[in-house]
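Following: one structure in structure tokens, then a few remarks.
Residue numbers start at 1 and run along the sequence shown.
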Amino acid sequence: HFQVKVKIPFGNKYLDAVFSVPEKKPRYGVILTHGAGGDMNFPHLVSLAAYLASRGVLVLRFTCKGLNVTYRTKAFKAVVEYLKLSDDYKLSGVFLAGRSMGSRAAASVICQLNHDDDDDGFIQGLVCLSYPLHPPKLQSRLRDEDLLLIRCPVLFVSGSVDEMCEKQLLEGVVSKMKAPKKIHWIDKANHGMAVKGRTTDDVMEEINAQVFSWLRENVQLEHK
């Protein structure tokens, strides 16, 4: 695969973004963004993008530095529109994905687009890496409202000791969700997906493989 840098118009400025483009013409894409810290070059995102692109999935990752989730959601929406109208890549559908705060923004975009009756089936699903279900130590403040409204398939990949996503709490929220959903727990991983005794590459290999097989299952379901 190869990479193409682009600037995506957003209001009166531009978002930095990079396409990871598969060798063969892709039918599906993933839009991927980072958490509250860092940017689109966060190693986990780079690793996932390369893994998916080498298996035929177009990945567009972008940077949006705002720490306000509403602002991040607007930026994500602009990127979805940009990809949808792109002449270079005519996709059948796209999955929205994010790490931590980026996954909250992705969930929010899906709710808004569904709400606007703008749902033409372009958005196929949501991938939440380290979804921040609550602030650290504040388990009573659940950020679950968007999750409960989503109807498209959702994959959660979370660490079993994530300080912002207590295992039982996420399982409880997921059991109430109407959407087809799956949780993959990374054993003993924290919010940053670090696991004592395992290398980052080893953990990423597990995450990447989970995301890819879930994408593949969900694309096939749509097109049997």
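To the nearest 0.5 Å, atoms NZ (K188) and CG (D162) are separated by 15.5 Å. Atom CZ of R198 and atom CE of M204 lie 11.0 Å apart (nearest 0.5 Å). How far CG of D39 is from CZ of R61: 9.0 Å, rounded to the nearest 0.5 Å. In this structure, E206 CD and H184 NE2 are separated by 3.5 Å, a value rounded to the nearest 0.5 Å. Remark: R72 CZ to M101 CE distance equals 5.5 Å, nearest 0.5 Å. To the nearest 0.5 Å, atoms OG1 (T33) and CG (L45) are separated by 7.5 Å.
The side chain to side chain contact (heavy atoms under 4.5 Å, CB included) test with L52 is passed by exactly one of L32, L215, L58, N208: L215.
Contact of the S158 side chain with the C128 side chain is not registered, since no non-hydrogen atoms from C-beta on lie closer than 4.5 Å. Taking the side chain as every heavy atom from C-beta outward, H191 and R99 approach each other to under 4.5 Å. The closest side-chain heavy-atom distance from E163 to N190 is below 4.5 Å. R143 has its side chain within reach of P132: a pair of non-hydrogen atoms, C-beta onward, lies under 4.5 Å apart. With contacts defined as side-chain heavy-atom distances shorter than 4.5 Å, the pair C111/I150 qualifies. Side-chain contact between I183 and K181 is absent, with no heavy atoms from C-beta onward closer than 4.5 Å. Here the side chains of L48 and V59 are not in contact, with every heavy-atom distance at 4.5 Å or above. Counting heavy atoms from C-beta on, the side chains of T200 and M193 never come closer than 4.5 Å.
Taking both residues in full, the closest heavy atoms of A107 and L147 are given as CB-CD2, 4.3 Å, listed atom of the first, atom of the second, then distance. Residue H1 comes nearest to P22 through the heavy atom pair CB-CA, 4.1 Å, listed as atom of the first residue, atom of the second, then distance. Q124 and C152 get closest at one heavy-atom pair: O-CB, 4.0 Å.
Aromatic ring orientation, F212 versus Y51: perpendicular (interplanar angle above 60°, classes split at 30° and 60°). Ring-plane geometry between F62 and F76 is classed as perpendicular, the angle between the planes exceeding 60 degrees on a 0 to 90 degree scale with a lower cut at 30.
Cluster annotation: L96 is connected to V6 through the hydrophobic network of ILVMFWY side chains, with a link wherever side-chain heavy atoms come within less than 4.5 Å. Residues F19 and L91 fall within the same hydrophobic cluster, defined by Ile, Leu, Val, Met, Phe, Trp and Tyr side chains chained together at heavy-atom separations under 4.5 Å.
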- request: Check step by step if side-chain contact (heavy atoms from CB on, under 4.5 Å) holds for L129 and V211.
  value: CA-CA 9 Å; L129 307 172; V211 171; 4.2 Å; yes
task: Let me see the working for V174 and M177 under side-chain contact (heavy atoms from CB on, under 4.5 Å), right down to the final yes or no.
output: CA-CA 5 Å; V174 164; M177 285 170 65; 4.0 Å; yes
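Taking the six-membered ring for Trp, Y82 and Y14 have ring centres at least 6.0 Å apart.
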